[in-house]
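Take a look at the structure set out below.
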Amino acid sequence: MDYQFKEIEKKWQGFWAQNQTFKAEATSDKPKFYVLDMFPYPSGAGLHVGHPLGYIASDIFSRYKRLKGFNVLHPMGYDSFGLPAEQYAIQTGQHPAVTTTANIATYRRQLDQIGFSFDWSREVRTSEPGYYKWTQWIFMLLFNSWYNLETDRAEDITTLIEKFNAAGNADVKAVCDEDVVSFMPSDWATMTPEEKQIILLKYRLTYLRESTVNWCAALGTVLANDEVKEGYSERGGHPVEQKKMMQWSMRISAYAERLLQGLNTIDWPEPVKEMQRNWIGKSVGASVKFPIAENEGFIEVFTTRVDTIFGVSFLVLAPEHELVSTLTTAAQADAVNGYIAQTKKKSELDRMSDTKTVSGAFTGSYVLNPITGEKVQLWIADYVLAGYGTGAVMGVPSGDQRDWLFAKHFGLPVVQILDSQTNIAEQADPTKEGKYINSGFITGMTYAEAIPAINSWLEAQNLGKAKINYRMRDAIFGRQRYWGEPIPVYFKDGLPYLIKEEELPLLLPEVDKYLPTESGEPPLGRAESWSYEDQYTYELSTMPGWAGSSWYWYRYMDAMNPDRFASEEAVSYWKDVDLYIGGSEHATGHLLYSRFWNKFLKDMGYVNEEEPFKKLINQGMILGRSNLVYRVIEADGKATNTLVSHGLKNQYKTTALHVDVNIVDNEILDIEKFKLFRPEFADAEFILENGHYICGVEVEKMSKSLYNVVNPDVLIENYGADTLRMYEMFLGPLEQSKPWNTNGIEGVFKFLRKFWRLFHNEAWEFNVSDAEPSKAELKTLHKIIKKVQDDIERFSFNTSVSSFMIAVNELTDLKSNNKQVLENLVVVLASYAPHICEELWQLLGNPAGSLSYAKYPVFVPEYLVEDEFSYPISFNGKTRLNLNISLSLDIPAVEQYVLADEQVQKYLEGKAPKKMIVVKGRIVNIVI
RNA sequence: GCUCAGAUGGUGGAACUGGUAGACACGCAGGACUUAAAAUCCUGUGACCUUAAAAGUCGUGCGGGUUCGAUUCCCGCUCUGAGUACCA
């Protein structure tokens with residue numbers, strides 16, 4: 001029979017489902033291997049051709065690892081809480097759970113027909129109570145924990161209470177809020193439970209904090225920075241304002257150093273690691289207190305160049321700094337208030353684009369240089385950010401270009417501090433070279449000497465100390481939305497308390513509408529008779545999108561467990577994810593939060609690995625490839641009913657229109673289908689070239705509105721899943737972004753037919769030979785065995801596809817139908833094109849389905865050994881001819897053989913070669 | 001501005017450790033089969049020059065360098081894409 005992909009694929013997909021072929025074993029003598037895909041948000045649009053790219057790669061890898069004898073865990077699930085379902089619910093009144101379930105069904109159908117080897121018995125959905133029970137449980141664990149800097153790990157809150165009982169909080173080294181006041185054990189003993197709770201909240205790893213958020217009144221929710229565009233919400237275009245709100249936060253900053261150090265232990269793409277390093281933003285420096293001249297107070301400054309403190313000629317506060325109002329003198333009040341007002345008016349965008357203009361205002365107050373006692377002016381300026389460091393900066397114009405510009409603009413002094421600084425009249429020189437001048441007790445020292453000298457001096461005077469600063473802020477953990485995990489907290493007298501563990505999961509209540517209440521409370525405020533013990537109000541915000549995805553890889557290990565997020569046995573068997581594939585857009589969000597929760601769970605003894613994802617691969621984005629037609633415009637700007645082919649469009653004035661890529665083949669427009677697609681052009685005139693209408697091409701993102709979405713269902717219908725899988729890989733390196741172009745898919749389809757034909761005779765009857773394989777056949781086979789295993793292990797899937805084509809071409813040329821060779825080839829190809837291989841495997845006489853757990857053939861190098869090599873002979877690096885020379889000849893013998901050749905003599909033109917390079921089995925180069 | 005990634009035929013791409021640049025595939029051209037078309041098969045296909053054939057010159061974004069030999073290593077530049085945004 002000819003290659004009937006539809007029947008074959010249906011048959012084997014049914015077989016795998018029925019026999020649970022890909023169910024991972026809970027325990028096994030085999031080594032474990034955990035292959036994970038970033039699970040999708042099930043959107044209403046379904047999958048387009050770009051989504052499965054990473055899944056195909058991970059599936060090939062999983063199938064390959066099974067053939068290599070591993071117990072493979074390869075699960076899939078859905079990140080099913082999210083804003084789009086909620087938006088849709090607001091518009092239609094349909095419960096998000098209903099639309100989500102329907103969307104998941106579509107995803108499942110689409111995934112199934114691609115032939116993935118997922119273990120569906122472990123499927124997770126973050127919006128199911130059985131799953132989010134454990135997300136809530138982790139939240140409770142965080143609430144009941146604090147970060148002990150002495151042990152450098154999170155601990156149960158009871159160990160903190162013990163410390164308070166024994167010695168108060170003075171000696172406690174913990175990550176906590178900045179405003180904790182110190183107390184004695186006797187104070188602690190006399191506190192009310194409420195007072196104790198207030199203090200403990202300042203230490204808990206999840207805590208309430210007043211934060212400035214992007215509040216969108218129309219949506220009734222808080223938006224992330226990237227959901228806000230120029231002061232309006234990206235979705236809907238509603239105005240967004242800055243608002244202070246009490247919000248749940250996660251003390252991720254406690255883990256900053258460990259998150260940074262851990263990057264050195266994992267095999268991730270360097271750009272992702274770099275992004276995380278920037279996000280964490282560690283800077284080593286010192287914190288310095290500048291006494292205020294007018295009162296007893298201090299202004300604290302963070303600096304990475306404490307060695308330049310003798311060059312300080314002014315101090316700058318952020319306009320939002322809390323001391324600005326008290327330190328502004330009456331004479332300067334107008335200037336300062338005017339400047340603050342002006343800063344507020346500037347949009348985020350203005351402040352960003354306008355980095356060259358120098359602006360600021362003098363407060364009228366002075367501070368004292370803590371070392372020299374010199375009086376320097378105190379300014380405010382918007383180049384200092386309230387949110388970073390202490391919101392105050394010491395101005396050293398000779399060493400910092402921004403300070404230099406500021407000083408020049410406002411006529412403040414520029415003091416040279418290093419003898420190696422040059423040209424400071426023109427610009428700042430940030431050098432660390434040379435010796436200090438004009439610098440008090442560090443004059444004459446080098447940079448390396450000065451830093452510790454100043455730090456110890458400051459510390460002795462209690463005016464500062466060495467400090468490490470991180471840019472990373474604690475993560476806000478509440479959203480004013482409906483479709484997310486409820487936070488398992490209730491309020492009593494304004495203080496938050498956890499519900500009891502046995503009361504989990506706290507179910508998402510039903511509401512009449514998915515909108516905020518009239519009083520501006522989140523949608524959960526609409527739930528009727530929803531209170532804790534019928535009297536206390538629950539927390540009304542829900543968890544953010546990243547909550548459910550920050551631990552889901554553990555749930556897959558033991559997805560059905562009702563008593564624990566995953567059993568201890570499962571966690572210690574599967575350990576961590578060996579290979580994680582997903583998009584780089586999650587570089588600083590999901591991947592950072594997941595590492596944080598993983599480290600926390602390890603501290604608390606629930607998991608065993610410090611890092612969750614050993615190896616990470618980012619698949620590139622598949623871009624859309626749009627097709628355009630060109631409508632002729634008359635001189636007066638009126639659109640005509642004439643369309644001109646791409647090659648002739650420069651002879652006319654035209655506008656481009658997007659046309660559905662599915663009615664274009666190799667840029668040739670199907671005019672009849674086009675007339676149906678755009679009925680207004682039913683009578684249009686087409687100006688053709690060579691009898692065809694040729695469309696223009698543009699690469700942009702894949703989107704319905706650009707008519708460039710290619711649906712995998714259509715390709716599977718026409719060519720089958722095996723062709724789709726191989727073609728997606730054939731497109732290019734996995735990690736590279738590339739436009740989708742269906743044009744080449746025929747080549748892959750032809751390859752599979754050609755492969756099928758190797759097993760069949762002219763009449764399409766199955767026909768293989770039991771003969772001993774020839775040397776040539778074995779060579780082809782072992783070449784591909786080696787090539788594919790090398791390629792898969794370095795994630796170079798595209799090159800394997802070419803090699804398969806070469807192998808099948810070679811066997812076709814050899815007219816080979818050797819059973820032994822073909823059976824091995826089936827196993828090698830099985831990870832890429834599993835359906836056709838299962839079918840052929842069975843036709844070869846093997847038990848149905850046993851291919852998935854067959855043995856990957858062993859590569860035997862001897863079959864590739866050649867006794868001759870066709871040496872390229874080059875002269876001065878230019879190849880002129882090839883000579884077949886025995887590989888048994890040693891280098892001098894090769895030289896002799898080459899020089900004796902008639903053609904070589906011709907190129908030498910009688911001259912003696914100056915030099916001869918012979919690389920055995922590679923090349924001969926003659927220098928003349 | 002800074003950081004990172006990339007640039008190879010008409011197109012997607014290959015060349016893994018410095019060793020025959022353009023594998024494989026698409027497209028295109030020509031041919032076979034066919035009443036015809038589709039499908040299939042065969043041949044050719046980087047550019048230039050020349051040709052009956054052969055040979056030759058150039059060629060991996062641009063300019064230099066190292067080397068017997070560079071798509072590959074080094075220096076400088078251009079362009080494209082991604083991330084980031086006054087970080088003290």
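Lettering follows sequence order; numbering is per chain, from 1.
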TODO: Have a look at A:Arg473 and say if it touches a base, only the backbone sugar-phosphate, or nothing, with a 4.0 Å heavy-atom cut-off.
DONE: nothing
- [ ] Write down the distance separating the C1' atoms in B:U45 and B:G22, rounded off to the nearest Å.
- [x] 12 Å
Open item on the list: If we ignore hydrogens and angles and just use 3.5 Å, is the side chain of A:Asn798 paired with the main-chain N or O of A:Leu731 as donor and acceptor?
Closed with: no
TODO: Mind checking A:Pro733 for me? I need base, sugar-phosphate or nothing, with any heavy atom below 4.0 Å counting as a touch.
DONE: sugar-phosphate
Task: Complement of B:A15, any strand, by Watson-Crick or G-U distances under 3.5 angstrom - done: none
Open item on the list: Looking at A:Lys920 and A:Asp890, is any side-chain nitrogen of the basic one under 4.0 Å from a carboxylate oxygen of the acidic one?
Closed with: no
Open item on the list: Say we look at B:C16 and B:G63: how far apart would their C1' atoms be, to the nearest angstrom?
Closed with: 29 Å
- [ ] Just call it for A:Lys787: base, sugar-phosphate, or nothing, with non-hydrogen atoms closer than 4.0 Å on any strand.
- [x] base
Open item on the list: Assess whether a salt bridge exists between A:Lys787 and A:Asp791, defined as any Lys/Arg side-chain N lying under 4.0 Å from an Asp/Glu carboxylate O.
Closed with: yes
Open item on the list: Do A:Ile454 and A:Ile309 make a side-chain contact, defined as non-hydrogen atoms from C-beta onward lying under 4.5 Å apart?
Closed with: yes
- [ ] Counting Watson-Crick and G-U wobble pairs only, both distances under 3.5 Å, name the nucleotide matched with B:G1, or none.
- [x] B:U84
TODO: Quote, to the nearest angstrom, the C1' distance that separates B:A32 from B:G13.
DONE: 31 Å
- [ ] Determine the contact category for A:Lys914: base if any of its heavy atoms lies under 4.0 Å from a base atom, sugar-phosphate if only primed atoms, P, OP1 or OP2 are that close, otherwise nothing.
- [x] nothing
TODO: Quick one: label A:Val927 by what it contacts on the DNA or RNA (base, sugar-phosphate, nothing), any heavy atom closer than 4.0 Å.
DONE: sugar-phosphate
Task: Nearest-angstrom distance, C1' atom, B:A15 to B:A25 - done: 16 Å
Open item on the list: When you compare the side chain of A:Ile745 with that of A:Asn743, does any pair of heavy atoms fall below 4.5 Å?
Closed with: no
TODO: Determine the contact category for A:Gln736: base if any of its heavy atoms lies under 4.0 Å from a base atom, sugar-phosphate if only primed atoms, P, OP1 or OP2 are that close, otherwise nothing.
DONE: sugar-phosphate
TODO: Could you let me know what B:G30 is paired to, Watson-Crick or G-U wobble, both distances under 3.5 Å, or none if it's on its own?
DONE: B:C42
TODO: May I ask you to verify whether the side chain of A:Asn743 and the base of B:C26 hold a donor-acceptor pair under 3.5 Å?
DONE: no
Task: Whole-Å gap separating P (B:U40) and CH2 (A:Trp756) - done: 17 Å
Task: Any-strand Watson-Crick or G-U partner of B:A7, both distances under 3.5 Å - done: B:U78
Task: A:Lys282 to A:Tyr470, cation-pi by 6.0 Å centre distance and 45° axis angle - done: no
Open item on the list: So A:Asn809, base contact, sugar-phosphate only, or nothing? Heavy-atom distance under 4.0 Å.
Closed with: sugar-phosphate
Open item on the list: Tell me the interatomic distance from A:Ile806, atom CD1, to B:C24, atom P, rounded to whole angstroms.
Closed with: 6 Å
- [ ] Could you say whether A:Ile923 or A:Ser584 is positioned toward the 5' end of RNA chain B, judged by the nucleotide with the nearest heavy atom to each?
- [x] A:Ile923
Open item on the list: When both hydrogen-bonding distances must be under 3.5 Å and the geometry is Watson-Crick or G-U wobble, what is B:U57 paired with, if anything?
Closed with: B:A47
Open item on the list: Taking only the P atom of each, what is the distance from B:U57 to B:G61 in whole angstrom?
Closed with: 22 Å
- [ ] For A:Phe804, answer base if it contacts any base atom (sugar-phosphate contacts may also be present), sugar-phosphate if it contacts only those atoms, and nothing otherwise; contact means non-hydrogen atoms under 4.0 Å.
- [x] nothing
